[in-house]
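I have placed the structure first, in the form of structure tokens, so that the comments after it can refer back to it.
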Amino acid sequence: MHTVLLTGFEPFDQDVVNPSWEAVRQLDGMQVGSDVQIVARRLPCAFATAGDCLVQLIDQLRPSMVIATGLGPGRSDISIERVAINLNDARIPDNLGAQPIDTTVVPDGPAAYFSTLPTKAMVRAVREAGIAASVSQTAGTFVCNLVFYRLQHALVESGVRSGFIHVPNLPEQVMGVGLPSMALETVVEGLRVAVLAAWQTTVDISEAGGQVS
Ligand code: PCA
């Protein structure tokens, strides 16, 4: 049996829940396909600890695929991230009060890494399940981007495929605020379908997923 490691984040920025963790915890232990089981773990939302925590989990669990997830406030769909950049630029403090500005994630690392997941096939599979999804060209410059970059950096030589997905707020987080949201059960199902598509697709499909600006 193979393991797919799926991570979510603890709440941050005064939130009491983080939909990424609330969703992936529901998938913990689930078998997707005949030969693969999801193991879900929670990461701290802190620049100093999140990356090391993820790398320790990879060492411990020896997963065959890793997909990290996080909340993207303002996102309206399941956003399959394409690229992680070697830059921290925090608009708000993290959960340890750190707010790095224009620092690198990995000194002397490459400027960016691409996801090694079949992003287009994942978007198509989630949409076919009736759930909104798109390719996202940036995972931001906060802790999610750091985790995504550290993930790709750690696995670059390994042959283990990995990537990142941002999910929208839950409806109760944005009541009266005017931001988009997605019901938890929809996020859970969207992630399950995305994991399955990632696992089953070795060569990505070619389909437009870009943006004009
Ligand atoms: N979202 C933040 C960090 C943790 C999370 O869930 C981000 O997008 O960077």
Side-chain angles (χ1 to χ4, degrees), residues 5-28 40-57 66-106 109 112-115 117 119 132-154 162-174 177 179-184 186-188 190-191 194-195:
L5 171 61
L6 202 53
T7 66
F9 276 100
E10 67 182 4
F12 67 104
D13 196 21
Q14 292 155 24
D15 276 340
V16 290
V17 290
N18 188 318
S20 66
W21 172 241
E22 296 308 319
V24 301
R25 71 193 294 189
Q26 290 196 27
L27 295 169
D28 188 34
R41 293 288 185 270
R42 192 172 86 150
L43 297 178
C45 185
F47 282 96
T49 53
D52 288 348
C53 184
L54 176 69
V55 169
Q56 273 168 24
L57 287 171
V66 185
I67 304 180
T69 74
L71 164 65
R75 304 290 179 117
S76 58
D77 61 7
I78 303 284
S79 302
I80 316 292
E81 297 294 347
R82 197 191 311 240
V83 57
I85 61 175
N86 194 7
L87 175 73
N88 303 311
D89 188 356
R91 184 177 55 76
I92 52 170
D94 70 12
N95 286 358
L96 293 175
Q99 194 170 357
I101 294 174
D102 295 353
T103 63
T104 51
V105 176
V106 175
Y113 285 108
F114 286 111
S115 171
L117 301 178
T119 51
S134 63
V135 175
S136 162
Q137 325 300 337
T138 173
T141 54
F142 195 52
V143 182
C144 285
N145 173 72
L146 169 133
V147 158
F148 185 16
Y149 188 96
R150 288 285 305 269
L151 174 59
Q152 303 311 104
H153 188 73
S162 55
F164 196 97
I165 302 177
H166 266 114
V167 302
N169 279 113
L170 298 174
E172 58 266 34
Q173 292 182 285
V174 292
V177 178
L179 284 177
S181 64
M182 189 178 270
L184 182 59
T186 311
V187 177
V188 172
L191 291 178
V195 170

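Note that the numbering runs from 1 along the sequence shown for the chain. Indexing begins at 1, ligand by ligand and atom by atom, following the structure's order. Just so you know, these numbers come straight off a predicted model, no measurement behind them.
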Are the aromatic rings of Phe148 and Tyr113 close, with centres under 6.0 Å apart?
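No, they do not, as the ring centres are separated by 6.0 Å or more.
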
Check the side chains of [Y] and [X] for a donor-acceptor pair under 3.5 angstrom, ignoring hydrogens and angles.
| X | Y | value |
| --- | --- | --- |
| Glu81 | Ser115 | no |
| Asn86 | Thr104 | no |
| Arg42 | Ser20 | no |
| Asn18 | Glu10 | no |

Looking only at non-hydrogen atoms, which of Cys144, Gly72, Ser20 approaches atom 3 (C) of ligand 1 most closely?
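The residue whose heavy atom sits nearest atom 3 (C) of ligand 1 is Cys144.
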
By number and element, which atoms of ligand 1 are closer than 4.0 Å to a non-hydrogen atom of [X]?
| X | answer |
| --- | --- |
| Asn18 | 5 (C), 6 (O) |
| Gly70 | 6 (O) |
| Val143 | 9 (O) |
| Phe142 | 2 (C), 3 (C), 7 (C), 9 (O) |

Please work out, at 4.0 Å between heavy atoms, whether the side chain, the backbone, both, or neither of Cys45 comes within that distance of ligand 1.
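Within the 4.0 Å criterion, Cys45 contacts ligand 1 through side-chain atoms alone.
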
Is the closest heavy-atom distance from His166 to ligand 1 below 4.0 Å?
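Within the 4.0 Å threshold, so yes.
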
Please list the nearest protein heavy atom to atom 1 (N) of ligand 1 with its residue and the distance rounded to 0.1 Å.
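Going atom by atom, the protein heavy atom closest to atom 1 (N) of ligand 1 ends up being Leu71 O, 2.8 Å.
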
Pair Phe9, Leu71 - check side chain to side chain contact (heavy atoms under 4.5 Å, CB included), show working.
CA-CA 8 Å; Phe9 276 100; Leu71 164 65; over 6 Å; no

